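Keep in mind that this is a model prediction, so the values were computed, not measured. Heavy-atom basis, side chains included; hydrogens, waters and symmetry copies ignored.
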Amino acid sequence: MIPDAFGCPYTYWGLGGFKDWKNAPGNHSPFFAPDIQPTLDRGIEAIVVAASPWLVGGR
């Protein structure tokens with residue numbers, strides 16, 4: 001990975017939610033478009049949990 005070559009910290013999150021998982025297209029499909037909900041809610045929750053240590057002064 002490029003960040004490793006420069007000694008930089010990094011993270012990669014893949015988010016995507018579908019109401020109908022059984023018929024959801026793959027992520028390389030031209031029809032791939034996650035439903036805004038629950039994707040938006042799960043993404044916000046993940047960011048808040050990840051940032052919590054800094055938001056509450058833990059670091």
Side-chain angles (χ1 to χ4, degrees):
M1 304 274 313
I2 292 173
D4 289 333
F6 291 102
C8 298
Y10 66 94
T11 186
Y12 175 85
W13 296 356
L15 297 171
F18 295 93
K19 294 175 186 163
D20 182 10
W21 278 98
K22 194 177 274 187
N23 295 313
N27 65 341
H28 293 286
S29 166
F31 303 106
F32 181 81
D35 295 324
I36 192 71
Q37 290 299 346
T39 304
L40 185 61
D41 285 345
R42 297 301 83 78
I44 291 170
E45 289 171 0
I47 290 169
V48 169
V49 168
S52 290
W54 288 271
L55 294 174
V56 297
R59 291 195 178 214

Minimal non-hydrogen separation, K19 against Q37, with atom names: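 Residues K19 and Q37, closest heavy atoms: CE-O, 3.9 Å.
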
Can you name the closest pair of heavy atoms from F18 and P25 and give their distance?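 It is CE2-CD, 4.2 Å.
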
Taking T39 for the side chain and D35 for the main chain, is one N or O donor matched with an acceptor at less than 3.5 Å?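 Checked: pair present.
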
Would you mind reporting whether D4 and Y10 have side-chain heavy atoms less than 4.5 Å apart?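 They are in contact (side-chain heavy atoms under 4.5 Å apart), so the answer is yes.
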
Check for me, please, whether W13 and V48 land in the same ILVMFWY cluster - side-chain distances under 4.5 Å, paths through other members count.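 Different clusters: W13 never reaches V48 through Ile, Leu, Val, Met, Phe, Trp or Tyr contacts under 4.5 Å.
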
In this structure, would F32 and W21 fall into the same cluster of hydrophobic residues linked by side-chain contacts under 4.5 Å?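 Yes: a chain of side-chain contacts under 4.5 Å links F32 to W21.
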
